[in-house]
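Computed over heavy atoms, backbone and side chain alike; hydrogens, waters and symmetry mates excluded. For the single chain, residues carry numbers from 1 onward in sequence order.
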Amino acid sequence: MKKPVCLSSESSFDLPLALRLELDIHVIPLTIILGEKEEEDGNIPARKIYDYVEYSGKLARTAAINSYAYEAYFDSLLEEYERVIHISLSSRLSATCQNAILASQNPKYEGKVTVIDSRSVSSAIGLLAVRCATLAKEGKSVPEILKAYESFKSDVHVSFFVEKLEYLAKGGRCSKLALFGANLLKLHPQIVVRDGALVPGEKYRGPLSKVVKEYLASVEEEAPTFDPSLAIIAHTVMPEEVLFQVRDRLYERGFTRVEIVEASGAISCHCGPHAFGVIYFKK
């Protein structure tokens, strides 16, 4: 007998493996392109991506998942599940979401596959998937899950800071003017996700330890009330001692579970090294 509901997303949703296994959340990988070589996201660590950039002088690239790959993926899931809810990377950041929607419109998936444009990125999508998968585990139907999703989809706090804007600028995610200003003033910008797009937030200056403290202070100001059940720290090759300091601070603030995850290759390609964010539900 098939299971009733499957939750799914792309590899860029940056959810720790323990949570994926705990809640039976499935993943389809994006493709990471290093020159002439292609790798499945998840099979290549961020350090290898940055090593490639350093010796080649070229950025690693990502390739959107095409609709044919989605169809094969949905077919495989429907062998085990009656229904699939797929929460996709923001349509304002990648063609991946539109391709997933296109695939789901095949008549054979009518009433079986639902694709949601998360209007978000990284572990924010992961947290949305966690809530939906938890509801599925509780026995909620697809209409009940989708109704609940509408009530909490805007409650995820997601922001991150980057050491440098070069990666986002070269990937077309920020303007050359913003890059020039950040370099001129030696700033470490905060990036906030709003309505599916990346927009500038606070601007920090100084050593990494100082930036981390200021970023955490701004996060606490933005969301004075929060769901303490889970916070995720997503990062790109951030020093361990910094990550542990952030984790300890979140526990002090009242979170009962804090997970640390290295960002996927798809996210690492665009953010560059020493980027990190804290993601949780504001309510």
Side-chain angles (χ1 to χ4, degrees), residues 10-15 27-65 89-90 92-96 121-126 158-193 197-201 203-209 211-212 215 233-243 246 260-277 279:
E10 295 94 20
S11 56
S12 56
F13 79 152
D14 293 338
L15 193 65
V27 181
I28 180 171
L30 283 88
T31 299
I32 308 299
I33 304 171
L34 305 177
E36 300 299 318
K37 187 176 181 181
E38 295 186 357
E39 297 267 11
E40 275 193 0
D41 195 4
N43 292 339
I44 177 169
R47 288 187 184 279
K48 186 174 179 180
I49 292 173
Y50 300 140
D51 287 345
Y52 166 80
V53 174
E54 186 174 342
Y55 76 72
S56 71
K58 300 177 182 178
L59 280 184
R61 296 179 292 120
T62 57
I65 302 163
L89 176 64
S90 173
R92 297 186 68 181
L93 298 175
S94 171
T96 291
V121 67
S122 188
S123 297
I125 306 172
V158 53
S159 67
F160 56 96
F161 82 79
V162 295
E163 187 174 43
K164 297 179 180 179
L165 275 177
E166 274 86 354
Y167 281 76
L168 285 170
K170 289 179 181 178
R173 266 70 178 183
C174 83
S175 69
K176 291 183 179 179
L177 181 60
L179 172 64
F180 175 77
N183 287 344
L184 182 66
L185 299 174
K186 297 182 179 179
L187 299 176
H188 307 291
Q190 180 192 32
I191 307 297
V192 180
V193 180
L198 304 182
V199 298
K203 296 177 177 65
Y204 310 110
R205 183 182 297 174
L208 187 60
S209 58
V211 171
V212 169
Y215 168 75
I233 304 167
H235 72 99
T236 59
V237 297
M238 183 67 79
E240 278 192 351
E241 62 271 19
V242 174
L243 296 172
V246 175
I260 299 174
V261 61
E262 181 172 281
S264 60
I267 299 298
S268 299
C269 282
H270 297 295
C271 289
H274 295 165
F276 94 102
I279 302 98

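Between the CD1 atom of Ile32 and the OG atom of Ser11 there is a distance of 6.5 Å, given to the nearest 0.5 Å. Ser264 contributes atom OG, which lies 11.5 Å from atom CG of Leu15 (distance to the nearest 0.5 angstrom). Taking NE2 from His270 and CG from Leu93, the interatomic distance works out to 9.0 Å, rounded to the nearest 0.5 Å. Taking CD of Glu262 as the reference point, atom CG of Leu243 lies at 9.5 Å (rounded to 0.5 Å). Once rounded to the nearest 0.5 Å, the distance linking CG of Leu59 with CD1 of Ile33 reads 12.5 Å.
When side chains are defined from C-beta on, Val158 does not count as touching Ser122, because their heavy atoms never get closer than 4.5 Å. Side chains of Pro273 and Arg47 form no contact here, defined as non-hydrogen atoms less than 4.5 Å apart.
Residue Ala46 comes nearest to Val237 through the heavy atom pair CB-CG1, 4.0 Å, listed as atom of the first residue, atom of the second, then distance. Minimum interatomic distance between Phe160 and Cys271 (heavy atoms only, all atoms of both residues): CE1-SG, 3.8 Å. Looking at every heavy atom in both residues, Ala60 comes nearest to Val53 through N-CG2, 3.9 Å.
Between the side chain of Asp41 and the backbone N or O of Pro29, no donor-acceptor pair lies under 3.5 Å. Side chain of Glu10 to main chain of Thr96: no donor-acceptor pair is present (N/O by atom type, distance under 3.5 Å, no hydrogens or angles). When atom types are taken as modelled, the side chain of Ser123 and the backbone of Asp14 share a donor-acceptor pair closer than 3.5 angstrom. Formation of a donor-acceptor pair under 3.5 Å by the Ser268 side chain with backbone atoms of Thr236 is not found in this model.
Shown are Ile260, Val261, Val242, Ile267; of these, the side chain to side chain contact (heavy atoms under 4.5 Å, CB included) with His235 is made only by Ile260. Exactly one residue among Val121, Thr62, Ile65, Leu89 makes a side chain to side chain contact (heavy atoms under 4.5 Å, CB included) with Ser94. That residue is Leu89.
Taking the ring centroids of Phe276 and Phe161, they lie under the 6.0 Å cut-off.
Within 6.0 Å of atom CZ in Arg61, 12 or fewer heavy atoms from other residues, nucleotides or ligands are found, so the atom counts as exposed in its surroundings.
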